[in-house]
Amino acid sequence: MEPKTNSSVIKPYKESQNNFVSLIVSKDVKDGKFNGRVQTRFPPEPNGHLHIGHAKSICLNFGIAADYEGVCSLRLDDTNPAKEGSEFAQAIIEDVNWLGFDWGNNFHCASDYFSELYQFAIQLIHSGKAYVDSLSAEDIRAYRGTLKEPGRDSPYRDRSIEENIDLFERMRNKEFKEGSHVLRAKIDMSSSNMNLRDPVMYRILHVSHHRTGNEWCIYPMYDFAHGQCDSIEGVTHSICTLEFENNRPLYDWFLDALGVDHPRQIEFARLNLNYTVLSKRRLAALIDCGHVSGWDDPRMPTISGMRRRGYTPEALREFCDRIGVAKRNTTVDLALLEHILRQHLNRTVQRAMGVLRPIRVVIVNYPEDQVEQINAINNPEDAAMGTRKVPFSRVLYIERDDFLENPPKKFYRLAPGQEVRLRYAYFIRYESVIRNPETGEVEELRCTYDPDTRGGFASDGRKVKATLHWVSAAHSVDAEVRLYDRLFAINDPASVPVEDLDSILNPASIEIIHGCKLEPSLADVTSGSRLQLERQGYFCVDSVDSSVEHLVFNRTVTLRDTWARIQKANNNKS
RNA sequence: UGGGCCGUGGUGCAAUGGUAGCACAGCGGACUUUGGAUCCGUAGAUCCUGGUUCGAGUCCAGGCGGCCCAGCCA
């Protein structure tokens with residue numbers, strides 16, 4: 001018999017990608033380019049934390065390499081020591097690893113090649129293709145011209161090779177102040193491509209580098225480093241984002257002038273997500289302004305933030321797979337990410353019961369001292385995950401939202417005259433309510449249970465329309481629960497200036513609830529573990545703030561909530 | 001008349017000159033001890049104008065629209 005198709009099955013991350021990049025690589029392999037070899041790399045700058053946009057690039061690069069039995073390396077493009085640091089480098093390594101990718105021995109840094117790069121620069125000076133310019137930064141800008149007008153040659157452009165070598169060596173030997181000289185490529189000041197108007201190759205930076213210390217005071221620009229690093233490592237396909245399209249002719253110029261092999265550069269569109277910002281600058285601003293607690297705040301789209309929020313690497317990889325790769329700038333719907341996350345969590349994670357906003361329920365006809373161990377299923381999607389016992393007694397907690405004295409139409413939960421099921425336990429019926437005499441707030445519900453419905457089935461076959469989660473008061477475990485929602489209130493937060501980010505924040509992006517009541521099996525959960533709180537959503541144990549004495553859970557994502565949609569539709573009607 | 005790149009349902013990705021398809025979101029229904037999950041159904045797209053062709057989303061031309069480039073950032 002055919003197995004039933006189940007679209008919730010996440011396919012193992014092995015399946016070949018089918019996108020324009022892969023098609024190009026595939027053709028190159030068939031044509032015998034690069035001797036049929038495929039080598040890619042993921043080249044972040046260690047000046048910030050990786051985010052889901054980087055995950056797209058990581059999955060693409062490692063995925064392509066895997067598809068063609070090639071190599072993908074991790075290379076840190078650390079050419080600007082003023083902004084970079086080893087904490088970032090460390091975080092990058094951890095994040096790529098956590099995503100599930102292995103670069104083996106192929107970990108590199110642009111700084112590993114500083115000597116080679118220096119020699120390349122010398123070579124270009126010797127061949128008359130680079131010169132030391134002593135114009136100020138402002139003058140260089142002025143000489144560069146504009147998008148529509150050509151630039152002018154620097155007065156230093158025709159220095160002799162000897163003089164250039166001398167100056168460049170002295171730059172290297174710490175003889176000059178920052179900004180006094182730069183090394184430039186001698187290309188074409190009237191090029192319609194601004195990158196070709198004698199780009200700066202080296203600048204003086206009296207800054208120590210997190211890997212090379214004080215060995216250097218001149219550092220290559222990214223544009224002079226990236227292509228050569230690829231070349232040195234034997235990268236065949238240099239996959240990068242769209243904004244580098246204009247730089248490709250420059251990279252080719254350097255590599256050709258140097259007479260070395262060069263990879264094929266392929267540009268793809270970076271990821272945009274609605275309700276999300278992904279630019280390093282905006283992410284840093286959120287932290288600096290105190291809108292979030294740090295790079296790993298569970299509301300951040302960083303890998304570390306999503307990890308802390310409870311995302312799984314599998315879901316992130318599947319997402320990167322499903323969004324595809326193309327050249328047009330697009331914005332992916334956050335709903336797709338959440339759908340894929342739920343899909344994975346639904347199949348793999350244990351269920352438990354926990355009451356977030358408790359209200360006491362006393363089952364008046366249940367024996368005072370009786371406690372029953374109720375059998376509960378750990379995951380209805382996977383019988384292999386087994387069952388557990390949950391204690392039931394006379395005094396319980398249920399969710400405050402699950403009772404309404406004057407319910408609207410289609411409200412199936414507990415209300416006067418309505419019978420509901422307590423999951424896996426009994427049918428109960430509302431009898432009366434006890435209010436705080438001063439505030440009028442509902443303090444306790446008095447209910448009766450039907451002993452003939454043990455396990456949640458009525459022997460007479462009668463049905464109920466709702467099943468509620470519950471926790472035995474005497475056996476419950478206290479916890480703090482942090483409810484997260486999207487950080488921004490508007491669809492396209494990247495469209496507002498960084499200074500105004502605070503005006504578009506979602507005020508409900510975090511809600512902290514204390515005094516939540518969880519079933520006792522959750523007393524000894526371990527840091528980072530994930531679960532579903534039935535009818536509430538998926539949660540994980542916070543890796544930073546949770547302890548045995550004080551449990552802290554993060555809501556990763558809600559369950560799909562049909563009831564909320566019905567309510568919303570009703571509100572829109574009225 | 002700076003240059004480069006890109007335009008397919010609401011969103012993202014396919015269709016590689018031959019029936020415009022998949023997923024998410026939406027809507028409707030079935031089922032249900034999670035208002036979850038699952039299942040079934042449904043609506044909705046080739047930027048415009050010409051050309052080539054038996055046949056164009058795909059090739060060509062011209063428009064229109066969007067993104068990127070004037071860091072000693074990457």
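Chain naming here is simple, since letters A, B, ... match the order of the sequence lines and numbering starts at 1 in each.
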For [X], which contact category applies under a 4.0 Å heavy-atom criterion: base, sugar-phosphate, or nothing?
| X | result |
| --- | --- |
| A:Val182 | base |
| A:Ala137 | base |
| A:Leu422 | nothing |
| A:Arg423 | base |
| A:Met353 | nothing |
| A:Asn47 | nothing |
| A:Lys327 | sugar-phosphate |
| A:Pro44 | nothing |
| A:Leu135 | base |
| A:Arg144 | sugar-phosphate |
| A:Tyr219 | nothing |
| A:Phe457 | base |
| A:Thr562 | sugar-phosphate |
| A:Leu205 | nothing |

Quick check: on RNA chain B, is the nucleotide nearest A:Ile323 upstream (toward 5') of the one nearest A:Lys465, or the reverse? Name the residue that is more 5'.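 That would be A:Ile323.
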
Residue whose closest nucleotide on RNA chain B lies nearer the 5' end, A:Arg454 versus A:Tyr538: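 This one resolves to A:Arg454.
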
Pairwise [atom1] distance, [M] and [N] [rounded to whole Å]:
| N | M | atom1 | result |
| --- | --- | --- | --- |
| B:G10 | B:G26 | C1' | 8 Å |
| B:C59 | B:U16 | P | 11 Å |
| B:G65 | B:U1 | P | 15 Å |
| B:U46 | B:A20 | P | 13 Å |
| B:C67 | B:G12 | P | 14 Å |
| B:C22 | B:A45 | C1' | 14 Å |
| B:G63 | B:G4 | P | 14 Å |
| B:A37 | B:C31 | C1' | 11 Å |

Between [X] and [Y]: side-chain donor-acceptor atoms closer than 3.5 Å:
| X | Y | answer |
| --- | --- | --- |
| A:Asp452 | A:Ser459 | no |
| A:Thr467 | A:Arg421 | yes |
| A:His226 | A:Asp77 | yes |
| A:Glu534 | A:Gln532 | no |

Closest to the [X] side chain: [options]?
| X | options | value |
| --- | --- | --- |
| A:Ser192 | B:A74, B:C5, B:G2 | B:G2 |
| A:Asn18 | B:A74, B:U16, B:A25 | B:U16 |
| A:Glu84 | B:C27, B:A74, B:U34 | B:A74 |
| A:Glu245 | B:U16, B:U34, B:C5 | B:C5 |
| A:Asn346 | B:G35, B:C69, B:G36 | B:G36 |
| A:Val332 | B:G12, B:C24, B:C73 | B:G12 |
| A:Asp333 | B:G36, B:A25, B:C73 | B:A25 |
| A:Leu147 | B:A23, B:C69, B:A14 | B:C69 |
| A:Phe244 | B:A74, B:G26, B:A14 | B:A74 |
| A:Glu45 | B:C24, B:C69, B:A74 | B:A74 |

Determine whether a donor-acceptor pair (one donor, one acceptor, N or O, separation below 3.5 Å) exists between the side chain of [X] and the base of [N].
| X | N | answer |
| --- | --- | --- |
| A:Glu381 | B:G36 | yes |
| A:Arg413 | B:G35 | yes |
| A:Gln532 | B:U34 | yes |
| A:Asn246 | B:G3 | yes |

Phosphate OP1/OP2 of [N] contacted by [X] side-chain N/O (<4.0 Å):
| X | N | answer |
| --- | --- | --- |
| A:Arg141 | B:G71 | yes |
| A:Ser191 | B:G3 | no |
| A:Arg322 | B:G12 | no |
| A:His469 | B:U34 | no |
| A:Arg197 | B:G3 | no |
| A:Arg203 | B:A74 | yes |
| A:Thr330 | B:C13 | yes |

Which class fits the ring pair A:Phe392 and A:Tyr449: parallel under 30°, tilted 30 to 60°, perpendicular over 60°?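 Geometry flag for A:Tyr449 against A:Phe392: tilted rings.
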
Please verify the inter-ring angle class for A:Tyr113 with A:His108; under 30° counts as parallel, over 60° as perpendicular, anything in between as tilted.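 Correct class here is tilted.
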
For [N], what is the paired nucleotide under Watson-Crick or G-U wobble rules, both distances under 3.5 Å?
| N | result |
| --- | --- |
| B:C39 | B:G29 |
| B:C22 | B:G12 |
| B:C67 | B:G4 |

Spacing between A:Phe319 atom CZ and B:U11 atom P, to the nearest angstrom: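 Distance, rounded to whole Å: 16 Å.
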
Rounding to an integer number of Å, can you tell me how far A:Trp563 CH2 sits from B:G36 C1'?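 Rounded to the whole Å, the gap is 16 Å.
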
Less than 6.0 Å separating the ring centroids of A:Phe244 and A:Tyr251?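 That pair fails the under 6.0 Å test.
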
Tell me whether the guanidinium CZ or amine NZ of A:Arg172 lies under 6.0 angstrom from the six-membered ring centre of A:Trp216 and within 45° of its axis.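 Yes, A:Arg172 sits over the ring of A:Trp216.
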
Under the 6.0 Å and 45° cation-pi test, does A:Arg184 pair with A:Tyr131?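 That pair does not qualify as a cation-pi contact.
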
So, are A:Arg462 and A:Asp450 salt-bridged, with charged N and O less than 4.0 Å apart?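 A salt bridge links A:Arg462 with A:Asp450.
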
Does B:G12 adopt a syn or an anti glycosidic conformation, taking syn as a chi angle within 90° of 0?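 Judged by the O4'-C1' to base torsion, B:G12 sits in anti, the angle falling more than 90° away from 0.
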
